[in-house]
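Here is the structure we will look at.
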Amino acid sequence: MNESIEQRIDRLHAGGIVDMHFDLPMDLYEKRERENVLETEFLPEFEAGNIGVVGAAIYIEDRYLPDAGLRVALDQIARLYAEMETEKSRRFAICRNYRQIQAAQETGRIALLITMEGVEPLGTDLNQLRVFYELGVRSIGLTHARSNAAGHGGAFAPSGSSPEGLTSFGRELVRECERLGVIVDLAHINPAGFDEILSITTRPPIVSHTNVRRYYDIDRNISDEQIQMIGERHGVIGINSVLVSPREEESTMDGYIDHIEHVAELIGIDSVGIGFDFFEFIYCQWPESRQKELAAKFTTPHFIRDLRNHSQARNLTRRLIERGFSDEQTEKLLRENWMRIFKEIL
Ligand SMILES: [Zn+2]
């Protein structure tokens, strides 16, 4: 067998990579005056990286809150569906369950799974969860960094997050997600909220996009103890590309893979996945004042030179191979672990 490394990547990518966190709907919303944004701006990168499933996250920026949160969230979903209609190549499908994701892949389409990062659009109304479920939302993280009616986000600092767990609304929401078959995503939740969600839920927990505190020690990231808790419940942790290290020089492809290895060493390769959180294309659209605001409020993101967008996913696989990951390990990491979660919950 004389398979080149590129042929080997082709083979490993044939089923499509699953990326559980991408801020797609908010960008479509900001570009709502235009048509075919998905096809012209995103499809080429998805295709180059062999992306098969994308967790498309509804997120509401501060400037829309509180009054316009619900409307902007609905508009973000509207833009996704509108883009499906205008898209000529029919390369995308909004999927609501495992069977639809499989069907999308069998017909050569990229599956979009609508997710929500922060439940501000729901206010304190459990009925709104039902509405968003009917619109296709299938994974929900209760908070981003800020506190809301459901709970509190983890601080972008080694300590200082709220010691409080979820609110009563947050607890009801988690129970209702479990009942409906919506994935509860632990990314961003503060440590107290993390414990409480695990005490309420019975299904395998996920953290769609995070990094390990061993290499970037902030409450927003995940501790070894938390990693163990996810492993015991056969959950999956998606590794984020933008918080690999507080130091720019350590924010590299190898640094990214170190996070993967750390989780795999603690709880096994069956519990690691991808949550790239590619964010540079949005960051670059911001004026410098807004970039500075992000740095002051949270942190300065360090983008990985050769893993900045979906078109570069092959660079990751190439480096995994060079570092000795087997085909089986690589396929689990890139795709199969998330697919197992979809099969179990959706
Ligand atoms: Zn996030």
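Side-chain atoms are counted along with the backbone in the values below, which use heavy atoms only and exclude waters and symmetry mates. Atoms within each ligand, like the ligands themselves, are counted from 1 in listed order. If you're wondering where the values come from, they're calculated on a predicted model, not measured in any experiment.
Between D327 and R8 there is a salt bridge, with a side-chain nitrogen of the basic residue lying less than 4.0 Å from a carboxylate oxygen of the acidic one.
The shortest heavy-atom contact between N148 and L142 is ND2-O, 2.9 Å. Between T299 and Y216, the shortest heavy-atom distance links the atoms OG1-OH, 2.8 Å.
A donor and an acceptor atom, one from each side chain of H310 and N50, are nowhere located under 3.5 Å apart. Between the side chains of N240 and H209, no donor-acceptor pair of N or O atoms lies under 3.5 Å.
If you count the protein N, O or S atoms nearer to the Zn ion (ligand 1) than 2.8 Å, you get 3.
Aromatic ring pairs are classed by plane angle as parallel below 30°, tilted from 30° to 60° and perpendicular above 60°; the pair F281 and F22 is tilted.
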